[in-house]
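Each ligand, and each atom within it, is numbered from 1 in the order the structure gives. Just so you know, these numbers use all the heavy atoms, side chains as well, and skip hydrogens, waters and symmetry mates. Because the structure is a prediction, the values reported are computed rather than measured.
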Amino acid sequence: MGERVVVGIDLGTTYSLVSVLRDDVPIVLPNALGEHLTPSAVSVDEQGVWLVGAAARARAVTHPLSTVLAFKRDMGTDRTYRLGGTTKSPVELSAMVLAELKRDAEAALGIPITEAVITVPAYFGDRQRQATRDAAEIAGLRADRIVNEPTAAALAYGLHRRDRDLRVCVLDLGGGTFDVTILSIADGIIEIHASAGDARLGGEDFTDAIVTWALEAITQRHGAAPRPDTREHARVREAAEHAKKILSREPTAGLALPGLALGRATVDVTLALDREQALRLWKPLLDRLRAPITRALRDASLLPSAIDEVLLVGGATRMRPVVELASSVFGKLPSHQLPPDEAVALGAAVQAALEQGHSAVEDVVVTDVAPFTLGVESSEISGNAVVGGLFVPVLERGTTIPASRVKRFFTLHPEQTQLNVRVFQGEHSLVRDNHFLGEYLLKGLPTRRAETTAVDVRLTYDLNGILEVEMSVVGSSRTEQLVIEQRPGKLGRAAVDEARRAMASLKIHPRSTLPNRTALERAEALFVQLTGPERDTLGVVLGHFRATLESQDPAVIEPARKELAALTAALARRE
Ligand code: AMP
């Protein structure tokens, strides 16, 4: 492997992954536990030691107040979280996840890693993209390139290497969101045409549908069912989640809930669910999946039959009815050969290889769309009054970038010698409701008795978020330029350095003992949920493992950890 290695990172809401191109094939790198998926979770313990990943995720059950999940949803906002006696922003929490992935990649590859390509949802605006870049910088990673998740999926499937133009629809059904993106690939250019989605529809809703059904069945049989926010309810949900995953592989699934406490009574519950029943439970959800697909196709002015490839991304596209729905809408079998939760990360590695000019990857230009409208302030004369502060869009949102657009503006009076060109970003008709980006005072305009002066304002926006404003005085050769590099929401140098210092001073759990710690936290999380003999058994094995930790001898610790991990997995019915 060469000197400089750029990794690909999928910084997800629930899970994150780091990947790299090895022997011309993208692979996901294992974390300290040897797992591919690192939960995007951060937790701090009573000793002030910070945990990232599976151990932190497990602590969401046992220590909800010192654990944060799903902070990606707040990227680009001013929200902060209090934990461990400090305040952390979503950028800092993301930086901790990125630092963990960097550590894992360095361990796997044996070299320092300082550059990454990071993926973001296609609908992320400038602010959220910049927040992602800032997080990378704090983690000690340069992220010159931010790539849209659906674009990465297309790269992972190697669609950029096909020798014909393609229209592609990427369906991404995660735990809590559904995103539909239509893109085209032609002459090595990947372009996003439309994106739509449902931010409140995901795999978790399919689990919830099974929970509702199970609670009804339990009520029918036993006259009562566990209430929400109780441990018994959590057990039902876990059994439902497990059954949902089984149905992706097998025609029927059982929900076994021995010793379920219902008030003072304890009952043994076993329920069976087959695919046909599940399909009935999921019908309303499956119907909801159709709407964003229809919207995206309409926005791209395409019929379903015009789509050449349908890609399935996100863990929940493993569900059969989702695959069947995609097949029936598009009249063709969707591609789901790659593990759906890894496709985006694999594509990020392909893009990373492109960044490095890797010979195995042909040149592909990936384009983006402008997330906001860019425009200029203007004034109108109305009778004797001048109405100012009006926003005139020049480069519309959704325009494929890099892009350049021009619009002509006029001075209000023939004798006017100056024109202040003020540039804004936003969608409102008045500039005061939009975001001010920069201004240029064009002086010494020619004055003419009869006419006002015309000025062409050209806005050019590139993939790195740099906006060039070019002003040409019509009828003269004069051209002035303003370059706006300051990105909205970007942390200044000082703020990034400060955040880096703050992170460097944190006690992060050592990587070498993370498997032990994770085994403990996972077992603890399960221990609080179990009851009866299962809890007793787990308690014994957990106690034994704690005792072996005292020995500090890996030869003693490891077999005990394996025993505990196996038991935890069996009891939690993890897959
Ligand atoms: P993601 O956010 O992409 O990790 O998606 C997670 C969602 O995928 C969760 O709702 C999981 O329950 C769901 N999921 C993962 N594996 C499977 C499977 N084998 N069958 C059905 N759903 C799954």
Structural part of Tyr15 in contact with ligand 1, heavy atom criterion under 4.0 angstrom:
side chain

Test item: side-chain donor near acceptor, Gln277 and Arg280, under 3.5 Å:
no

Checking the N or O distance criterion of under 3.5 Å, is ligand 1 in contact with Gly175?
yes

Residue from Val52, Leu29, Asp10, Val18 passing side-chain contact (heavy atoms from CB on, under 4.5 Å) with Leu101
Val18

Can an N or O of Ser248 be found at a distance shorter than 3.5 Å from an N or O of ligand 1?
yes

Should the pair Glu238-Arg235 be classified as a salt bridge under the 4.0 Å nitrogen-to-oxygen rule?
no

Does any N or O of ligand 1 fall below 3.5 Å from an N or O anywhere on Thr207, backbone included?
no

Per-atom contacts, ligand 1 versus Thr14 - under 4.0 Å to a heavy atom:
2 (O), 4 (O)

Side chains of residues 171-183: which donor-acceptor pairs under 3.5 Å do they make with residues two or more places apart or in other chains?
none

Quick check: Asp341 and ligand 1, any N/O pair under 3.5 Å apart?
no

Show the atoms of ligand 1 that are less than 4.0 angstrom away from any heavy atom in Gly314.
3 (O)

Show me which atoms of ligand 1 lie under 4.0 Å from any heavy atom of Arg318.
15 (C), 16 (N), 18 (C), 19 (N), 20 (N)

Numbered atoms and elements of ligand 1 in range of Glu204, under 4.0 angstrom, heavy atoms:
9 (C), 10 (O)

Check: Gly315 N/O within less than 3.5 Å of ligand 1 N/O
yes

Ignoring hydrogens and angles, state whether a donor on the side chain of Arg511 or Asn31 is under 3.5 Å from an acceptor on the partner side chain.
no

Say whether Thr38 and Ser16, considering side chains only, have a donor N or O and an acceptor N or O under 3.5 Å apart.
no

Could you point out which residue of Ile218, Leu262, Val236 forms a side-chain contact (heavy atoms from CB on, under 4.5 Å) with Val269?
Ile218

When rounded to the nearest 0.5 Å, the distance separating CG of Leu83 from CH2 of Trp50 is 4.0 Å

N or O pair under 3.5 Å between Ala316 and ligand 1:
yes

Atoms of ligand 1 less than 4.0 Å from Lys244 heavy atoms?
10 (O), 11 (C), 12 (O), 13 (C), 22 (N)

Could you go through residues 206-214 and list every donor-acceptor pair under 3.5 Å that involves a side-chain atom there, pairing it with any protein atom two or more places apart or in another chain?
residue, atom, partner, partner atom, Å
Thr207, OG1, Glu241, OE1, 2.7
Thr207, OG1, Lys244, NZ, 3.0
Asp208, OD1, Arg237, NE, 3.2
Asp208, OD1, Arg237, NH2, 2.8
Thr212, OG1, Asp208, O, 3.0

Within the structure, does Glu241 bring an N/O atom to less than 3.5 angstrom of an N/O atom in ligand 1?
yes

